[in-house]
Amino acid sequence: MLQTTYIREHRDLILERYKKRNFDGEEIINQIIKLDDDRKSTQQALDAQLAEGNKLAKEIGQLFKEGKQQEAIAAKEQTKTLKESGVLLKEEQNKIAEELKGLLYQLPNVPNEIVPPGKSEDDNETIFEEGDIPVLHENAIPHWELAKKYNLIDFELGVKITGAGFPIYRGKGARLQRALINFFLDQATENGYEEVIPPLMVNEASAYGTGQLPDKEGQMYYMPEDNLYMIPTAEVPITNIYRDVILKENDFPIKNTGYTPCFRREAGSYGSDVRGLNRLHQFDKVEIIQIQHPDKSYETLDNMVEHVKGLLNKLELPYRVLKLCGGDLGFTAALTFDLEVYSTAQEKWLEVSSVSNFETFQANRLKCRYKDTGGKMQLVHTLNGSALALPRIMAALLENNQTEAGIKIPKALVAYTGFDIIN
RNA sequence: GGAGAUGUGGCAGAGUGGUCGAUUGCGGUAGUCUUGAAAACUACUGUACUGCAAGGUACCGGGGGUUCGAAUCCCUCCAUCUCCGCCA
């Protein structure tokens, strides 16, 4: 959520940047500014009334103390009309505040200057590529067939237990999955991230804090009985650690990592995109998040991308880094880099990580601030990234490393799997 | 799940209807003193909105209510603690 004062001061810049998203915010922003004016004037009127009421109340108290009953009762009469108009003003005030909030929730984050304009993922910029696409033997098959052939993942059994999109990993498949999780966590820890194991369900306040609510209810599983949401990503519980927190300048940067399963309803998804591991309702992911000083957050964003690149290098997977265009940029992000690995048997790129700087957009909702050297409260910048999302990594590993003799495990993982080939 | 108790500023802990945004102690910041440090002393020390400013308003777990006036009374939700039940 953008701050009202920021909107007032940077109206034109915001509107200009919104063009990168193909988002026309002019009307909303004009309304916001107008409503904010209303808010101020109503507040002033209300404050004046309350001040008058407070003054009278004090006088009445004084009169009672002095035993001047008559005068006190007379003064009480005065407060009546004051109270009535006060109630009206209060209602007005609430209504305005509500509307204002509703509008503020509709404004996406302001894209960074370097975000390329564009309509869809086709307009994303490839800024880096690494690794050669392997040439597979002629009997090469996609990962869902490999999973079956080597008894690594049972999709049908998952359907029986729960439903589509909840696979069961077994044997070396389960072991490989666990190996990846541990590998990713160890790598993050080596890079200075503190590991946390957060709750897998969050309350409403947390879902609002990172921007899942309002609007994205449909993406999350919800337990009405307890008013809790299953997390769609570890970003939600981990970033919310810093909700309502005031940091010191020397606390920066805060670095956390965490492994969690992620739950997504993915309503409306269909087709070849959901085949095998490509899109699931439950999947594993290791997330990295940082809370950073606004002056350093872009440097940090680069560091995080480098970290993820390092993981892919060690896994020896061919990958590319994309700078997302405005049209593909998430609602809450100011700048995002996606990392995609090449799935050789499917002959397509699969997104395995998304690394974003949210600047103050989340911090404003989270009320995560720090005192600057001048003693003023400032919002922090929040960042996060997948490092990494497991299923598509698994898919690419299985497909790209298949040989007539079996599936080879990259060297970096062997210490974690305990085997170097699946056959 | 049942019964009871509690929820105040960074922490501890006063405050049971009126001048309380809140006594006090600790902590923190600045200063005096000192060669330096400690100690002692002095001052300052919550957040947000609003105003050029002086100031005003709101906030004592959240929400609502009673009252001229609420941290203080009532309702409700949440959290914590104790006891009982259940249980990985």
Side-chain angles (χ1 to χ4, degrees), chain A residues 1-9 32-104 197-209 213-214 222-229 237 240-251 254 261 360 362-380:
Chain A
M1 194 162 65
L2 300 178
Q3 297 174 98
T4 323
T5 46
Y6 181 82
I7 294 171
R8 300 187 83 110
E9 284 165 21
I32 284 172
I33 293 172
K34 192 197 153 291
L35 270 177
D36 193 47
D37 287 339
D38 292 349
R39 196 203 95 240
K40 284 187 192 179
S41 54
T42 327
Q43 184 70 58
Q44 279 169 24
L46 182 60
D47 282 358
Q49 294 242 314
L50 289 170
E52 180 68 17
N54 286 344
K55 206 177 116 221
L56 274 172
K58 273 183 191 167
E59 284 169 13
I60 291 167
Q62 193 59 35
L63 288 172
F64 272 123
K65 224 173 219 172
E66 292 167 6
K68 297 175 181 166
Q69 301 287 333
Q70 295 296 327
E71 291 175 48
I73 290 163
K76 269 168 108 166
E77 279 303 308
Q78 273 190 65
T79 63
K80 270 193 185 149
T81 52
L82 208 57
K83 247 184 137 180
E84 279 163 20
S85 55
V87 169
L88 290 177
L89 275 171
K90 183 81 195 151
E91 277 171 11
E92 177 76 10
Q93 180 74 351
N94 288 341
K95 212 185 93 199
I96 292 171
E98 200 69 19
E99 269 180 62
L100 194 54
K101 207 165 74 177
L103 289 172
L104 285 168
I197 301 179
L200 305 182
M201 294 185 217
V202 294
N203 57 29
E204 240 180 354
S206 294
Y208 272 100
L213 290 180
Y222 175 55
M223 339 289 266
E225 193 83 29
D226 302 289
N227 199 21
L228 296 173
Y229 296 85
N240 269 282
I241 292 172
Y242 306 97
R243 173 155 49 87
D244 294 319
V245 166
I246 293 168
L247 299 164
K248 296 189 207 71
E249 289 222 37
N250 58 16
D251 289 333
I254 289 176
T360 61
Q362 288 182 332
N364 188 31
R365 288 202 196 176
L366 293 163
K367 293 207 179 58
C368 180
R369 296 165 294 174
Y370 70 97
K371 254 190 185 130
D372 67 18
T373 39
K376 263 193 77 179
M377 287 291 190
Q378 305 285 355
L379 293 171
V380 303

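Each chain gets a letter, A, B and so on, in the order the sequences are listed, and its residues count up from 1. On a predicted model such as this, the values are computed, not experimentally measured, just so you know. Atoms considered below: every heavy atom in the structure, side chains included; atoms not considered: hydrogens, waters and symmetry mates.
Within the 4.0 Å cut-off from OP1 or OP2 of C68(B), not a single side-chain nitrogen or oxygen of Asn54(A) is found. Between Arg369(A) and A48(B) there is a side-chain N or O to OP1 or OP2 distance below 4.0 Å. A sub-4.0 Å separation between OP1 or OP2 of U47(B) and a side-chain N or O of Lys371(A) is present.
Each of Gln44(A) and Ile60(A) has a nearest nucleotide on RNA chain B; the 5'-most of these lies closest to Gln44(A). Taking for each of Lys76(A) and Lys40(A) the nucleotide of RNA chain B with the nearest heavy atom, the 5'-most of the two is the partner of Lys40(A).
Pairing of U19(B), defined by two Watson-Crick or G-U wobble distances under 3.5 Å, is not identified with any nucleotide. Pairing partner, A5(B): U80(B), with both Watson-Crick or wobble hydrogen-bond distances short of 3.5 Å. Checking A38(B) for Watson-Crick or G-U wobble geometry (two distances, each under 3.5 Å) identifies no partner in any strand. Nucleotide C44(B) forms a Watson-Crick or G-U wobble pair with G28(B), both donor-acceptor distances falling under 3.5 Å.
The distance from atom CD1 of Ile246(A) to atom P of C11(B) is 11 Å, rounded to the nearest whole Å. The separation between Lys248(A) atom NZ and G27(B) atom C1' is 12 Å, rounded to whole Å. Per the geometry, CG belonging to Asp36(A) stands 7 Å off P belonging to U50(B), to the nearest Å. Here A48(B) presents its P atom at 10 Å from NZ of Lys376(A), a figure rounded to the nearest Å. One can place CG of Leu366(A) at 16 Å from P of A48(B), the figure rounded to the nearest angstrom. Remark: C1' of U57(B) and CD of Glu92(A) are 18 Å apart, rounded to the nearest angstrom. One interatomic measurement links the two molecules: CG of Leu46(A) to P of G51(B), which rounds to 15 Å at whole-angstrom precision. Regarding Gln43(A), its CD atom lies at a distance of 12 Å from the P atom of C59(B), rounded to whole Å.
Separating the P atom of G56(B) from that of A5(B) is a span of 40 Å, rounded to the nearest Å. Using atom C1' as the reference point in both G7(B) and C60(B), the two lie 10 Å apart (nearest Å). Between the P atoms of A43(B) and A58(B), the separation comes to 30 Å (whole Å). Nucleotides C20(B) and A30(B) place their P atoms 31 Å apart, quoted to the nearest Å. Comparing the same atom, C1', in G13(B) and in U24(B) gives a spacing of 8 Å after rounding to whole Å. Rounded to whole Å, the separation between the P atoms of G9(B) and G4(B) comes to 27 Å. Nucleotides A39(B) and U34(B) are separated by 11 Å at their C1' atoms, to the nearest Å. Spacing of P atoms, A37(B) relative to U29(B), comes out at 14 Å, to the nearest Å.
The pair Lys95(A)-Asp38(A) does not meet the salt-bridge criterion, since no charged nitrogen lies less than 4.0 angstrom from a carboxylate oxygen.
Checking C68(B), U57(B), G51(B) against the side-chain heavy atoms of Asp47(A) singles out U57(B) as nearest. The nucleotide whose nearest atom lies closest to any side-chain atom of Ala51(A) is, among G51(B), G56(B), G69(B), G56(B). Side chain of Arg39(A), nearest nucleotide from C68(B), U50(B), A48(B): U50(B).
Here the side chains of Met377(A) and Lys371(A) are in contact, with some heavy-atom distance below 4.5 Å. For the pair Ile241(A) and Ile254(A), the minimum side-chain heavy-atom distance is 4.5 Å or more.
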Report task. Determine, step by step, whether Asn203(A) and Tyr229(A) satisfy the side chain to side chain donor-acceptor pair (under 3.5 Å) criterion, reporting the C-alpha distance in whole Å, the side-chain angles of both residues, the deciding distance to 0.1 Å, and the verdict. Result -> CA-CA 6 Å; Asn203(A) 57 29; Tyr229(A) 296 85; over 6 Å; no

Requested in this report: List the steps and the verdict of side chain to side chain donor-acceptor pair (under 3.5 Å) for Ser85(A) and Gln49(A).
Outcome: CA-CA 8 Å; Ser85(A) 55; Gln49(A) 294 242 314; 2.9 Å; yes

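Judged by distance alone, the side chain of Asn94(A) and the main-chain N or O of Glu91(A) form no donor-acceptor pair under 3.5 Å.
Applying the 6.0 Å contact sphere to CD1 of Ile197(A) captures no more than 12 heavy atoms from other residues, nucleotides or ligands.
Using a 4.0 Å heavy-atom distance criterion, Leu50(A) is classed as a sugar-phosphate-only contact.
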